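Reviewing the structure listed below.
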Amino acid sequence: MDHRLLLTGFSLLVASVLLSVYGYLASDGGLLGIGFSAMVLSAVLVVLAYEPNPQTREALASYITTLSKALAGVLEDLDLLPPRVRVVCVRDKKLLVVSKSVIEPAGPGIGVVGGAPYLALSLEDLGLEVQSLDTVTGEQVELCVERLVGELLEASDVSVRFSGDTVRISLYGVPDMLNELSIYPVNPLVVATLGATSRCLRRNLTLIDYSKSGRDHHIAIEVEGYVE
Amino acid sequence: MWNRLRAFVLTYTALSCLLNAVLYLMAEKRPDAYISTNILAFYTTYALYRPLKRASPKVKLLHVAMLTLFLAIAVYRVYRVVVR
């Protein structure tokens with residue numbers, strides 16, 4: 001959000017309202033018109049103030065690319081490629097766990113469990129307002145995941161389907177910036193989808209399949225047992 | 001640092017001020033003339049710069065509101081001409 005643009009917009013709105021009132025009281029159609037015109041301009045400024053600045057997006061893309069490259073290097077060194085990606089709830093914290101086998105990590109970071117190395121990243125609160133749902137299936141969960149994933153990834157269409165304990169999420173028309181990042185082993189797109197799905201469900205998740213076709217991405221997630 | 005969005009805002013604001021000044025100097029008394037020219041200035045500048053790669057729901061709502069307002073003004077003016 002651009003605070004300067006927002007402040008300018010609101011200031012102009014106040015000034016235009018005052019000008020319109022004065023124009024009305026003075027019976028001056030010209031001043032009234034200028035006041036209304038300025039109101040339109042202020043509305044445009046306020047709306048645009050909420051739009052993400054393209055420079056912010058570019059900076060974020062640059063940051064994600066650097067992070068993805070660094071993580072790819074770490075995974076290579078730990079011999080975790082190809083990775084098994086899961087979201088695990090550990091002591092009320094959600095961790096993205098990258099390992100070769102199914103393990104229960106002690107906490108975030110790099111570790112070894114039973115001789116098997118793993119990399120665990122803390123999935124911070126995505127800042128999205130949603131109530132966690134306890135049931136695996138149901139339209140509510142599908143809508144929840146669709147909304148979160150659509151909001152996060154700005155895909156032109158999102159489809160979520162539950163079949164048993166597997167949820168299949170398809171993202172259509174993913175923006176180019178995110179599409180280009182899908183080449184990395186810790187795919188930011190998959191991470192965001194897993195994070196959004198885990199936000200809706202209080203369950204451990206395992207990525208079981210991922211495929212890409214142009215700007216369409218298909219992700220299959222297995223929902224594991226209930227976690228308190 | 002310059003970017004499309006800022007260039008659009010600056011151009012649209014300048015154009016809006018210029019058009020309002022011209023209309024006022026021409027002693028235009030109809031408020032809807034000011035609003036409709038402002039909306040035209042918005043779309044002209046928007047078409048030139050294309051500041052947003054992807055319009056959010058708020059921006060789409062703004063487009064709907066602007067177009068509805070413009071249409072309402074146009075219909076009202078046509079109605080006034082026809083009734084006369």
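Order of the sequence lines fixes the chain letters, A, B, ..., with proteins taken first and strands second; residue numbering starts at 1 for each chain. Quick caveat, the model's predicted, so the values are computed rather than measured.
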| request: Heavy-atom distances under 4.5 Å only: say whether A:L45 touches chain B with side chain, backbone, both or neither. | output: side chain
| field | By side-chain hydrogen bond (donor to acceptor under 3.5 Å, both in side chains) - contacts of A:K69 (at least two apart) | value | none
| field | Distance (rounded to the nearest 0.5 Å) between A:D216 CG and A:L171 CG | value | 8.5 Å
| field | Contact residues of residues 19-27 of chain B (partner chain A; heavy-atom separation under 4.5 angstrom) | value | B:N20, B:Y24
| In terms of heavy-atom proximity below 4.5 Å to chain A, should B:S36 be classed as side chain, backbone, both, or neither? | neither
| task | Might you confirm whether atom OH of B:Y43 has over 12 heavy atoms from other residues, nucleotides or ligands at distances under 6.0 Å? | result | yes
| said: Could you check whether any side-chain heavy atom of A:Y22 comes within less than 4.5 Å of a side-chain heavy atom of A:D28, counting everything from C-beta outward? | reply: no
| query | Does the A:R86 side chain pair with the main chain of A:V97, one donor and one acceptor, at a distance under 3.5 Å? | reply | no
| message | For chain A, which candidate among B:K29, B:K58, B:E28 shows the most heavy-atom pairs at distances under 4.5 Å? | response | B:K29
| task | Determine the option with the most heavy-atom pairs under 4.5 angstrom with chain B, choosing from A:G30, A:S20, A:A43. | result | A:G30
| Looking at B:Y12 and B:T45, what are the two nearest heavy atoms and their distance? | N-CG2, 3.7 Å
| Counting distance only, does the side-chain N/O of A:D209 pair as donor-acceptor with the main-chain N or O of A:A220 below 3.5 Å? | no
| query | If we ignore angles and hydrogens, is there a donor and acceptor under 3.5 Å between the side chains of B:D32 and B:Y76? | reply | no
